[in-house]
Amino acid sequence: MSSHQTHQDHVLCQEKIREDNLAARRAAAEAVSISRETLQTTVAQGEQLQHCENLQERNRYIVTKSARIIRGMTWSGWMMNMFSKDTEPPPENRKLYNQSDDDDDIFKLNLPQEIQDFASIVRNYEFNVKLLDQCDNEHDFDTCLEICDSLRLCVQQALEDLTLSSSSSSSSQEYKMMGNEENNVHTTKSIKLRLQKKFIKVKQLQQSIIQQKNSKFKGTRQILENNEQQQQQQQESKISSSKNVVTSLNPKKIQLWANTNDDVLKERILHQEEHINALQENITELLRNGISMGVSLEQQNQLLDKLDVGADELREETKMITRRADRLSHRSLWRKPPKDFQYRVAFQHVTSQQFLSIEPHNKNKLSLHKTLHPDMSVFDIYERRGSKLIGIQNKCTGTWLGLSLLGYVVCNSNKFGNNEEWELDDEPMNKTRILCASAHWGNGGWLEFDAKTETFLIGDYGLDSKKNAALWSIIILSNNANDDNDKRNI
């Protein structure tokens, strides 16, 4: 009775082991399927970001070209354009692979499992090759190239296995597109032929990418044609050895198998070895897909940073062109556009918490004071009608803040002219920067403050100069026009 019970427990244990092995293999296959879909999504996102970068470069060219045209509308700008190089359009974007491939409908067919597996391997190889084209540094390129070579050999072996399996069965079975009965009927033979053509196309794409990357990165690499035969021989020897179950075991297992006559033990070792080999293939593909996704995400992060900086630069250049166009349109009028009183304010330097004021003994000179003077630290803000250009008039002296002929920041003009035009940044009023619109031949320049010399100066108009510009908190003291009737539409 005990012997029968022991045998029954052994059978139940073996069944439990088989069920656990099948569950593990299903989980591994599901993980591989998810990793393939994730890699596909990651590569598609990378292509979309690359498209955004191309659009940004195109918009940058349009903005730069517009700035050159506007500059040429003045005599000085026309002379500068005569002795400067014209803006060149961005190079045509290289597109080695067509995203809307006609062969993509293969993956929508309701195919048998062996053909679906082969199609999945081909598509995984395709996504990794696309990722190879997006590599911008040598380390990522070498990593992706190793993965692509490994996947290429896997596709070749899967194609051989599919050929052997299909030769023993009928290849006249027909399949239709899922959810679309009007499409043409496809046979197994035609599908396999299309997958072979797709594999050849992707392999040619990889070869073309290697040729182009070799000229970009330092050092030389062997082209796919030169080392393909050697790698294929190594893979064939590896595959032939893996087909023999005895040679795939380690030496201890081989000796144990050879010295035992227990058929049950042999069968158990065979099943266990089959299970381990299946898991090893899935784990290897998961590792490759994980590395590819890591490289792709790293490239996308770098591209996002580049797009962020490029968007800020493009926004500043667009504002500069708009500003120059407004000033140019004002010059074409017989008189300046009217100015409207906006509000009475005080400028507080964010870093030092001091207030912008005029000097008591030299009222044309600017300085920072610790206290808010009711007259010398108060300024009236006027805006050019129809534009964002503003004028800053001191309450005490009635003079306008502007730029002198020698490039100094002064407050001595009796009128709101071209050199007295300013522009506030788009940031909130409690933390903003101020730009002098007339600086650098109309391109503008950010107002800076040198704490060591306690002097004000005008920097460049670029994004780097904007970061060095002084931050101001604009405190609105009064915005009621009725309190300043004499300051309305002067």
Does anything in residues 49-66 form a salt bridge (charged side-chain N to carboxylate O under 4.0 Å, His left out)? List the pairs, not counting sequence neighbours. Glu53-Lys306, Arg60-Glu313, Arg60-Glu317, Lys65-Asp86

Main-chain N/O of Tyr461 paired to Ser465 side chain as donor or acceptor, under 3.5 Å: no

Closest heavy-atom pair and its distance - Trp422, Leu447: CZ3-CB, 4.4 Å

For the residue pair Trp472 and Phe456, categorise the inter-ring angle as parallel (less than 30°), tilted (30 to 60°) or perpendicular (more than 60°). parallel

Under a 4.5 Å cut-off applied to non-hydrogen side-chain atoms, are Arg152 and Phe199 in contact? yes

What residue pairs, at least two apart or across chains, pass ring pair (Phe, Tyr, Trp, His ring centres under 6.0 Å) with a residue in residues 42-91? none

Test applied, side chain to side chain contact (heavy atoms under 4.5 Å, CB included); reference residue, Phe347; option that passes from Thr432, Leu366, Ile475, Ile434: Ile434

Supply the atom-to-atom distance Ile70 CD1 to Asn81 CG, rounded to the nearest 0.5 angstrom. 11.5 Å

Partners passing side-chain hydrogen bond (donor to acceptor under 3.5 Å, both in side chains) against Ser66 (at least two apart in sequence or in another chain): none

How long is the gap from CE on Met376 to OG1 on Thr371, to the nearest 0.5 Å? 8.5 Å

Rounding to 0.5 Å, atoms CD1 (Ile476) and CD (Gln342) come to a distance of 10.0 Å

Taking all non-hydrogen atoms of both residues, which atom of Gln393 and which atom of Gly398 are closest, and how far apart? NE2-O, 2.9 Å

Tell me which pairs pass salt bridge (charged side-chain N to carboxylate O under 4.0 Å, His left out) where either residue lies in residues 436-454, with sequence neighbours left out. none

Check whether any side-chain N or O of Ser208 sits under 3.5 Å from a backbone N or O of Gln204 as a donor-acceptor pair, and report yes or no. no

Output all residues satisfying side-chain hydrogen bond (donor to acceptor under 3.5 Å, both in side chains) with Lys85, sequence neighbours left out; order by chain, then residue number. Glu88

Under the criterion side chain to side chain donor-acceptor pair (under 3.5 Å), I'd like the reasoning laid out for Ser387 against Arg323: C-alpha separation, chi angles, the key distance, then a yes or no. CA-CA 8 Å; Ser387 69; Arg323 185 168 56 249; over 6 Å; no

In chain order, what residues pass the side chain to side chain contact (heavy atoms under 4.5 Å, CB included) check against Val378, with sequence neighbours excluded? Arg344, Lys395, Leu477

Could you give the distance from CG (Leu372) to OG (Ser357), rounded to the nearest 0.5 Å? 7.0 Å

Report the distance from atom SG of Cys154 to atom CD1 of Ile147, rounding to the nearest 0.5 Å. 11.5 Å

Identify, with sequence neighbours excluded, every residue that meets side chain to side chain contact (heavy atoms under 4.5 Å, CB included) alongside Glu37. Ser33

Is it true that Asp425 and Lys319 make a salt bridge, defined as a side-chain N closer than 4.0 Å to a carboxylate O? yes

Is any side-chain heavy atom of Ser413 closer than 4.5 Å to a side-chain heavy atom of Asn419? no

Checking side chain to side chain donor-acceptor pair (under 3.5 Å) for the pair Gln206/Asn128: CA distance, chi angles, key distance, verdict? CA-CA 10 Å; Gln206 179 185 353; Asn128 279 273; over 6 Å; no

Scanning both residues in full, the closest heavy-atom pair of Tyr125 with Cys148 reads CE1-O, 3.4 Å

Can Arg384 be said to sit on top of Phe416's aromatic six-ring, NZ or CZ under 6.0 Å from centre and within 45° of the ring axis? yes

Taking the side chain as everything from C-beta on, heavy atoms only, tell me whether Asp308 gets closer than 4.5 Å to Leu304. no

side-chain hydrogen bond (donor to acceptor under 3.5 Å, both in side chains) against Asn443, all qualifying residues, sequence neighbours excluded: Arg324

For the residue pair Cys436 and Glu420, establish whether any side-chain heavy-atom pair is separated by less than 4.5 Å. no

Using 0.5 Å steps for rounding, measure from the CZ atom of Phe341 to the OG atom of Ser478. 5.5 Å

Yes or no on side chain to side chain donor-acceptor pair (under 3.5 Å) for Gln354 and Gln348, after CA distance, side-chain angles and deciding distance? CA-CA 6 Å; Gln354 296 181 359; Gln348 186 178 24; over 6 Å; no

Of all heavy-atom pairs between Ala439 and Gly445, which one has the smallest distance, and what is that distance? CB-N, 3.8 Å

Are Tyr343 and Asp380 close enough that some pair of their side-chain heavy atoms sits under 4.5 Å apart? no

Those residues that, when tested against Tyr408, pass side chain to side chain contact (heavy atoms under 4.5 Å, CB included) (two or more places apart): Ser404, Leu406, Val410

The test is side chain to side chain donor-acceptor pair (under 3.5 Å); show your working for Ser367 and Glu359 and say whether it passes. CA-CA 6 Å; Ser367 63; Glu359 288 287 349; 3.0 Å; yes

Ion pair check, Glu316 and Lys466, cut-off under 4.0 Å: yes

I'd like to check Ile474 versus Leu424 (side-chain heavy atoms, cut-off strictly below 4.5 Å). Are they in contact? yes

Presence of salt bridge, Glu126 and Lys130, under 4.0 angstrom: yes

Gln302 CD: over 12 foreign heavy atoms closer than 6.0 Å: yes

State which residues pass side-chain hydrogen bond (donor to acceptor under 3.5 Å, both in side chains) with Ser352; sequence neighbours excluded, sorted by chain then number. His349

Is the backbone N or O of Leu307 less than 3.5 Å from a side-chain atom of Gln56, with the two atoms forming a donor-acceptor pair by type? yes

Do Lys201 and Leu205 have side chains that get closer than 4.5 Å, going by heavy atoms? no

Not counting sequence neighbours, which residues clear side chain to side chain contact (heavy atoms under 4.5 Å, CB included) with Glu146? List them please. none

Not counting sequence neighbours, which residues clear salt bridge (charged side-chain N to carboxylate O under 4.0 Å, His left out) with Lys388? List them please. none

